[in-house]
Amino acid sequence: MVSHLKPTATQLTVEPFFQHKLQAKANNSENTESPAIPQKMQTSHSSSFLGPGGLDIAGGAFFTSIHDAVPPSPSHLRNTKISVIGTGNVGMAIAQTILTQDLADELALVDAIPDKLRGEMLDLQHAAAFLPRTKITASTDYAVTAGSDLCIITAGARQVAGESRLDLLGRNVALFRKIVPPLVEHSPDGILLVVSNPVDVLTYVAWKLSGFPPNRVIGSGTNLDSSRFRFLIADHLDVNAQDVQAYIIGEHGDSSVALWSSISVGGVPILSFLENRQIPYEKQTLENIHKEVINGAYEVIKLKGYTSWAIGYSVASLARSILRDQRRIHPVSVLAKGFHGIDGGDVFLSLPALLGRGGVHGVTNIHMTEEEVGGLRSSAKTMLEVQDQLGV
């Protein structure tokens, strides 16, 4: 006999594990500048018509319906659509990983260079026999992104010789004024995922320009930094990186914070274990590992000219958690105001966040030492000083 189970104490108290301080109210700041859309290119896609005479084999001639068949309901026809803005090395690594991991029914690519864009689309389409079935389209017109569940922005201006970081940021803000409004127009219910650097400031810019609630504007943040962190720790201990729980938070950059106090391997807190066993360790060793995380991207760029594969897998993991409602925790750039004493203005920084179909569902109440909290607040102060100069 099955008894009617009442909610357990654990079920009743699971929500306080996450903080829901993200402002649900959409930002209502106005953007008077009309979206500047690149010159239109005809939307490119695969054709179902074969041969010079346009032989249509997609209709009833090739297949015969079974007896008394009923068409699928509208709910069964709902497709998952991802748009990638920018088809450079990073954008295409993300697109390729999305395809191989079967994360979308439709993938739309947008770029300002028509020939390169069409070439990338065709190159992916020609691999159709080796990939899960995905409709791939491409255009310089943002209308191709219509109805996207997730819009991934990788486009960004490159720094030129003698250009200051602030001047570069100003050019990227101008670029985002052309990108974000048309994405919002064509996918008003979608989620924005910003990958372009500096990712924390540009996620803030995307949020301001979009008018979306903060839970639907996310930056890739330190998700990749944390993967590098886990790899280095795993390599040092000779274990699998998937068994290492470790986060880099704050800015995706030089002022990031390594949460040493919460690192665990196989469920064992590392620093507590060392202290309990009276195993000596040098703080400098920990700092050197953090420096390796910060310098990791610079080293890859120095050796091969750019980063691509790791960020491709990182962003695909975020897409999977969001679109498949995985409720996984990722260190991503979110509206951090109100968390861990961060005040003074709206700022986006990476914190361990619960991701699902609605975007950011909450931020974990992770324990931090006073030193770690101080580093996070310092990182927030740095971001706010930069944002104040943008005039967004």
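Please read these numbers as outputs of a predicted model, since none were measured by experiment. Values below: every heavy atom of this structure, side chains too, minus hydrogens, waters and symmetry copies.
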Is there a side-chain contact between [X] and [Y] in this structure, where contact means two heavy atoms from C-beta onward sitting under 4.5 Å apart?
X	Y	result
Leu202	Leu169	yes
Leu209	Arg177	yes
Val347	Gln387	yes
Ile329	Leu355	no
Val239	Val244	yes
Ile152	Val315	yes
Leu192	Val180	yes
Met368	Leu259	yes

Have [X] and [Y] got a donor and an acceptor in their side chains that come within less than 3.5 Å?
X	Y	value
Ser261	Glu372	yes
His252	Asp225	yes
Ser333	Asp200	yes
Ser321	His330	yes
Thr87	Asp111	yes

Ion pair check, Arg357 and Asp149, cut-off under 4.0 Å: yes
Salt bridge Glu120-Lys116, side-chain N to carboxylate O under 4.0 Å: yes
Nearest 0.5 Å, what's the [atom1]-[atom2] distance between [X] and [Y]?
X	Y	atom1	atom2	result
Ser264	Gln245	OG	CD	5.0 Å
Ser350	Tyr247	OG	OH	12.0 Å
Thr80	Asp102	OG1	CG	9.5 Å
Leu232	His290	CG	NE2	11.0 Å
His236	Ile233	NE2	CD1	9.5 Å
Ser378	Met383	OG	CE	9.5 Å

Within 45° cone and under 6.0 Å: Arg228 NZ/CZ vs Phe231 ring: no
Ring centers of Trp207, Phe348 separated by less than 6.0 Å: yes
Short question: side chain of [X], backbone of [Y] - any donor-acceptor pair under 3.5 Å?
X	Y	answer
Asn172	Ala157	yes
Ser187	Ser148	yes
Arg133	Asp105	no
Thr100	Gln96	yes
Thr145	Val110	no
Asp325	Gly356	no
Ser210	Phe212	yes
Arg377	His340	yes
Gln125	Ile136	yes
Asp123	Gly119	no

Set of residues satisfying salt bridge (charged side-chain N to carboxylate O under 4.0 Å, His left out) with respect to Arg324, sequence neighbours excluded: none
Enclosure of Glu385 CD (heavy-atom neighbours >12, cutoff 6.0 Å): yes
Heavy-atom pair of closest approach, residues [X] and [Y]:
X	Y	answer
Ala336	Leu351	CB-CD1, 4.1 Å
Leu150	Ala319	CD2-CB, 3.7 Å
Ser220	Leu318	CA-CD1, 4.0 Å
Val144	Leu109	CG1-O, 4.2 Å
Ile98	Ala104	CG2-CB, 4.3 Å
Ala246	Ser226	O-CB, 3.9 Å

Test log, rule side-chain contact (heavy atoms from CB on, under 4.5 Å), inputs Met92 and Leu124: CA-CA 10 Å; Met92 291 314 298; Leu124 291 177; 3.6 Å; yes
Candidates Leu175, Leu193, Leu183 - the one meeting side chain to side chain contact (heavy atoms under 4.5 Å, CB included) with Ile153: Leu183
Positive for side chain to side chain contact (heavy atoms under 4.5 Å, CB included) with Ser379, one of Asp254, Leu349, Ile342, Ile249: Leu349
Please say yes or no: joined through hydrophobic side-chain contacts below 4.5 Å, possibly via intermediate residues, are [X] and [Y] part of one cluster?
X	Y	result
Val84	Leu122	yes
Val173	Val195	yes
Ile94	Val300	no
Val217	Leu384	yes
Leu390	Leu335	yes

Criterion side-chain contact (heavy atoms from CB on, under 4.5 Å) on Phe176 and Val194, from CA distance to verdict: CA-CA 10 Å; Phe176 267 49; Val194 179; 4.0 Å; yes
Check against side-chain contact (heavy atoms from CB on, under 4.5 Å), Ile218 and Val360: CA-CA 8 Å; Ile218 306 166; Val360 179; 3.8 Å; yes
Partner set under ring pair (Phe, Tyr, Trp, His ring centres under 6.0 Å) for Tyr204, not counting sequence neighbours: none
With sequence neighbours excluded, residues passing side-chain hydrogen bond (donor to acceptor under 3.5 Å, both in side chains) with Gln101: Arg320
His186 vs Ser83, side-chain hydrogen bond (donor to acceptor under 3.5 Å, both in side chains): CA-CA, chis, key distance, verdict: CA-CA 11 Å; His186 293 293; Ser83 291; over 6 Å; no
Trp260 vs Phe229, ring pair (Phe, Tyr, Trp, His ring centres under 6.0 Å): CA-CA, chis, key distance, verdict: CA-CA 10 Å; Trp260 288 103; Phe229 193 32; 5.0 Å; yes
